[in-house]
Amino acid sequence: MHDLNFFRDHLELFEQMARHRGITLDLEGFRALDRERRELITAAERLKAERNKASEEIARRKKSGQDAAGLIAEMKRVSEEIKQYDEHIAQLDERTREFLLTVPNLPHPSVPVGQGEQDNVEVRRWGAAPKFSFTPRPHWEVGERARILDLPAAVKIAGARFALYVGAGARLERALANFFLDTHTQQHGYTEILPPFAANRASLTGTGHLPKFAADMFHLEGTDLWLTPTAEVQLNNLYRDETIDADALPIKVCAWTACFRSEAGAAGKDTRGIARQHQFQKVELFKFTRPESSYDELELLVRDAEAILQRLGLHHRVIQLCTADLGFASAKTYDLEVWLPSTNGFKEISSCSNCEAFQARRSGIRYKPKGGKSEFVHTLNGSGLAVGRTWMAVVENYQQEDGSIVMPEVLRPYMGIDRIPAPAAAKA
RNA sequence: GGAGGAGUGGCCGAGUGGUUGAAGGCGGCGGUCUUGAAAACCGUUAGGCCCGCAAGGGUCUCGGGGGUUCGAAUCCCUCCUCCUCCGCCA
């Protein structure tokens, strides 16, 4: 959310932002609403000042035994009037807030202006696509042959867009999550958090998931709880409505969680395999930083996520999103895309964003510099990485002609085996 | 799930309808003193919003929301959180 005063004073900035993001903002409506609201506040406060003065006078008169009945009667009328004003103002406040909550963040000047995905910019590539002496199979075929993935069972238990892993497949999921967490905590300096998998309205509003994206989440009926769509929500809200000690910054935390997404509007997209699920695991990276260092920290965050792909030996590239593709709360985003042989292309596996003070303002997360006034921190988040999609990438990139899957070196201690055996040897 | 108790400023802690945005203490900041420091002493020490070029003025905030009243930290309702006891349970 943007600061109301800043928004009012820089409408031209927001007009440009809307154009660059390809959205519409009713700025004229805002102007009228804002003007009316301020006029009413001024009028109401004038009456309140009058009432406060009169109340003192009443107290004085009563103390000295004088009559105050006339004044009291008059103030009764004034109070009625104030009540009318306050009710009207509350309505306008709510409308202002609702409007402001739907205004996305301003892109950083370094973000390329674009119309859509096609205008994203490739920043760098790492590694090379593996060469196969046979036609590589998609991960669901490899997984079914090796009997480590049972999608029909998941459909029976829960429905479409759920997955069920078996044996070494289940262990691979667990191995990946552990490898991610160990790397980030032991080598990259993040503190591990294991948060609730559900979050309330206030938390989801803080990150920007509510009110605008309610349809993308699973709401727990009859409660104020939603299944978390990403641990970004929980990690951001670790410090909601708190002032962080300046010396503690930057704070780096990471969390493994399940994530739940309704994927409304994604019908027909990624229907085969496990690329797009209602439930998936993810290790999330999150930073609270001082404003002046947040962009340096973003570069480091991307490197932390990339390091995982590199240690797994997976070919990937880094993409900078253009203005039109930028997420609601983000001022600048890099996506990491991993090579998937079956598609002969790249697939998103991580998204790393600097939200600047956008979330911090919504969530009330401040820090107090030495001798200065408290200010909002900057928040950054990134996947490090999506576990299910990494599972896909490992299975596809390390598949062998006989159907076995070689384990990358770094996973072997976690897996206890060098390769997931070929189908013939994989009898259940 | 049942029965009680509690939520005041950065922290502790007064305050039960009328100059209380809130005593006092601690902490923080500035100063006096000191070669320096400590101690002592003096002063200072929330934020949001509205009007205003500014200086400044006004208003709101004592867990959240609502109500009673001319006036609420103080009375009433409701919700949330924490604590104690009982029950249940992985």
Mate of B/rC41 where both pairing distances stay under 3.5 Å, Watson-Crick or G-U: B/rG31
Note, A/R290 side chain near A/L249 side chain (heavy atom, < 4.5 Å): yes
Pair A/H188-A/L285, side-chain contact (heavy atoms from CB on, under 4.5 Å): steps then yes or no: CA-CA 10 Å; A/H188 300 155; A/L285 305 175; over 6 Å; no
Nearest-angstrom distance, P atom, B/rG47 to B/rG9: 15 Å
Nearest-angstrom distance, P atom, B/rC75 to B/rA6: 11 Å
A/R46 side chain near B/rG58 phosphate (N/O to OP1/OP2, under 4.0 Å): no
Contact nearer the 5' end of RNA chain B, comparing A/M75 with A/R366: A/R366
Presence of A/N52 side-chain N/O under 4.0 Å of B/rG58 phosphate oxygens OP1/OP2: no
Atom C1', compared across B/rU8 and B/rA23: separation rounded to whole Å: 12 Å
Side-chain N or O of A/R51 closer than 4.0 Å to phosphate OP1/OP2 of B/rG71: yes
Paired nucleotide for B/rA46 [Watson-Crick or G-U wobble; both distances under 3.5 Å]: B/rU61
B/rG58 and B/rA22, which share atom name P, separated by this distance in whole Å: 13 Å
Residue from A/Q359, A/H209, A/K282 passing side-chain hydrogen bond (donor to acceptor under 3.5 Å, both in side chains) with A/E232: A/Q359
A/E56 CD - B/rG58 P separation (whole Å): 11 Å
B/rG36: pairing nucleotide in any strand, Watson-Crick or G-U under 3.5 angstrom: none
A/N200 and A/D224: side chain donor to acceptor below 3.5 Å: no
Between B/rG63 and B/rA14 - P atom distance, rounded Å: 15 Å
Whole-angstrom distance between B/rG52 and B/rG57, as gauged at atom C1': 9 Å
Pair partner, B/rG7 [Watson-Crick or wobble, under 3.5 Å]: B/rC80
Whole-angstrom distance between B/rC80 and B/rG10, as gauged at atom P: 26 Å
Sugar-phosphate, base or nothing in reach of A/R361, heavy atoms under 4.0 Å: nothing
Sugar-phosphate, base or nothing in reach of A/A49, heavy atoms under 4.0 Å: sugar-phosphate
OP1 or OP2 of B/rC70 under 4.0 Å from side-chain N/O of A/K76: yes
5' precedence on RNA chain B between A/E87 and A/R77 (nearest-nucleotide basis): A/E87
Residue-phosphate contact under 4.0 Å: A/N200 side-chain N/O, B/rC80 OP1/OP2: no
Sugar-phosphate only, base, or nothing, as touched by A/K63 at under 4.0 Å among non-hydrogen atoms: nothing
Ring centres under 6.0 angstrom apart (A/F280, A/W256): no
Integer angstrom distance from the P of B/rU74 to that of B/rG7: 12 Å
Nearest-Å distance for atom pair NZ/P, residues A/K53 and B/rG71: 17 Å
Any A/R38 side-chain nitrogen or oxygen under 4.0 Å from OP1 or OP2 of B/rG58: no
G-U wobble or Watson-Crick pairing nucleotide for B/rC53 (cut-off 3.5 Å, both distances): none
Touch class at under 4.0 angstrom, heavy-atom based, for A/L71 against every strand present: nothing
N or O in side chain of A/S79 less than 4.0 angstrom from B/rG71 OP1/OP2: yes
Inter-residue atom distance A/H219.NE2 - A/W226.CH2, 0.5 Å rounding: 4.0 Å
